[in-house]
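Working notes, beginning with the structure itself.
We use all heavy atoms of the structure for the numbers below, so side chains are in, but hydrogens, waters and symmetry mates are not. By convention here, the first residue in the shown sequence is residue 1.
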Amino acid sequence: MTARPYVLLSAAMSVDGYLDDTSSERLLLSNAEDFDRVDQVRAESDAILIGANTMRRDNPRLLVNSDERRAQRVADGKPTYPLKVTVTRTGDLAADLKFWHHGGDKLVFTVDSAVEKVRTTLGDLADVVSVGPDLDWGLVLDELGRRGVKRLMVEGGGTIHTQLMAQNLADEVHLAVAPLLVGQADAPKFLGASDYPGGSTSRMRLLEARAIGDVVLLRYAPKERG
């Protein structure tokens, strides 16, 4: 059986746990040094995944920005850019989003009821795969493993982070905590309410805590609980 990829969740959040505020402009939580760290993590990944909501809200290109890191990927026998992946239950994806027009290969996971809608919308912009009547994260990871993805970086949003943590599918979490307070109930949070493995007293193993300017990077191993 093909091994599933190592799943790394990556997020920047405010001290009170928010990924963004409710304004029309993207709230920049990280600093320049931390953005460069994220670029390195992207370069080390075989695929980068974001949800359709994040794609619609932020319209990211989701690239490895460093020329040197892209060149190193090629020297290592890898594609210039990691595979870019998204998931959607509704199939509500616009073909003019930046995600489709920058970087290398793109892959969409969806459900049976939306697969033809996505294929019609995107044409040859992406490979589109249905995982059945419902979105099954196990099948998503199995398919990525079959495609040679050994390391998957997940950059949100909060719904996807919550689902992967709740299903105990995240191997590592990178949290960049910014010295900001959002305090807006309708703003997106890193994690939502869920029945997490082990309950509220189960402590994850801390892998690293490091100051990056005014941001603090916390790395945890969610599957290693005590």
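Looking only at side-chain heavy atoms (C-beta outward), Pro82 and Arg151 stay at 4.5 Å or farther from each other.
Taking all atoms of both residues into account, the shortest heavy-atom contact from Lys223 to Ala170 is CG-O, 3.5 Å. Closest of all the heavy-atom pairs between Leu169 and Val7 is O-CB, 3.4 Å. Heavy-atom minimum distance, Val108 versus Ala126: CG2-CB, 4.0 Å. Among all heavy-atom pairs drawn from Leu93 and Ala52, the shortest one is CD2-CB, 3.7 Å. Residue Pro133 comes nearest to Asp112 through the heavy atom pair N-OD2, 3.5 Å, listed as atom of the first residue, atom of the second, then distance. Counting all heavy atoms, side chain and backbone alike, Leu29 lies closest to Ser14 at CD2-N, 3.8 Å.
A side-chain donor-acceptor contact under 3.5 Å links Lys106 to the backbone of His102. A donor-acceptor pair under 3.5 Å links the side-chain atoms of Asp46 to the main chain of Lys150, judged by distance alone. Formation of a donor-acceptor pair under 3.5 Å by the Trp100 side chain with backbone atoms of Ala94 is found in this model. Checked by atom type and distance alone, the side chain of Asp34 never pairs as donor or acceptor with a backbone atom of Ile212 at under 3.5 Å. Side-chain atoms of Asp58 never come within 3.5 Å of backbone atoms of Pro60 as a donor-acceptor pair (strictly under, hydrogens ignored). Ser45 contributes no side-chain N or O that, together with a main-chain N or O of Ala47, makes up a donor-acceptor pair within less than 3.5 Å. Judged by distance alone, with hydrogens and angles left aside, the side-chain atoms of Thr54 form a donor-acceptor pair with the main-chain N or O of Gly157 at under 3.5 Å. Judged by distance alone, the side chain of Arg61 and the main-chain N or O of Gly103 form no donor-acceptor pair under 3.5 Å. Of the possible polar contacts, one joining the Thr162 side chain to the Gly192 backbone as a donor-acceptor pair under 3.5 Å is found.
If you run side chain to side chain donor-acceptor pair (under 3.5 Å) between Arg26 and each of Asn59, Asp20, Asp21, only Asp20 comes through.
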Show the atom names and distances, to 0.1 Å, of all donor-acceptor pairs under 3.5 Å that link a side chain in residues 200-208 to residues at least two apart or in another chain.
| unit_1 | atom_1 | unit_2 | atom_2 | d |
| --- | --- | --- | --- | --- |
| Arg205 | NE | Glu224 | OE1 | 2.4 |
| Arg205 | NH2 | Glu224 | OE1 | 3.0 |
| Arg205 | NH2 | Glu224 | OE2 | 3.3 |
| Glu208 | OE1 | Arg219 | NH1 | 3.1 |
| Glu208 | OE2 | Arg210 | NE | 2.6 |

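Counting only residues at least two apart or on different chains, no ring-ring contact (aromatic ring centres under 6.0 Å, His included) pair has a member in residues 197-226. Among pairs with a residue in residues 152-181, those fulfilling ring-ring contact (aromatic ring centres under 6.0 Å, His included) read His161-Phe190, at least two apart in sequence or across chains.
Scored by the side-chain contact (heavy atoms from CB on, under 4.5 Å) test, Glu143 finds Phe109, Arg146, Arg147 as partners (sequence neighbours excluded). Every residue two or more places apart in sequence or in another chain that forms a side-chain contact (heavy atoms from CB on, under 4.5 Å) with Ser66 is listed here: Asp39, Glu68, Arg69. Tyr81 is linked by a side-chain contact (heavy atoms from CB on, under 4.5 Å) to Leu63, Val64, Arg70, counting only residues two or more places apart in sequence or in another chain.
In summary, the side chains of Gln40 and Asp36 do not present any donor paired with an acceptor at a separation below 3.5 Å, with no hydrogens or angles considered. For the residue pair Tyr6/Glu172, the side-chain donor-acceptor check at 3.5 Å is satisfied.
Note: the hydrophobic cluster containing Leu49 also contains Leu139 (ILVMFWY, side chain heavy atoms under 4.5 Å, direct or indirect links). Under the 4.5 Å side-chain contact rule for hydrophobic residues, Leu135 and Val149 share a cluster.
For the atom pair CG of Leu8 and CD1 of Ile48, the computed distance is 11.0 Å after rounding to the nearest 0.5 Å. Atom CG of residue Leu83 and atom CG of residue Asp105 lie 6.5 Å apart, to the nearest 0.5 angstrom.
With salt bridges taken as basic N to acidic carboxylate O contacts below 4.0 Å, one links Asp142 and Arg4. Under a 4.0 Å N-O distance rule, the pair Lys117/Asp92 qualifies as a salt bridge.
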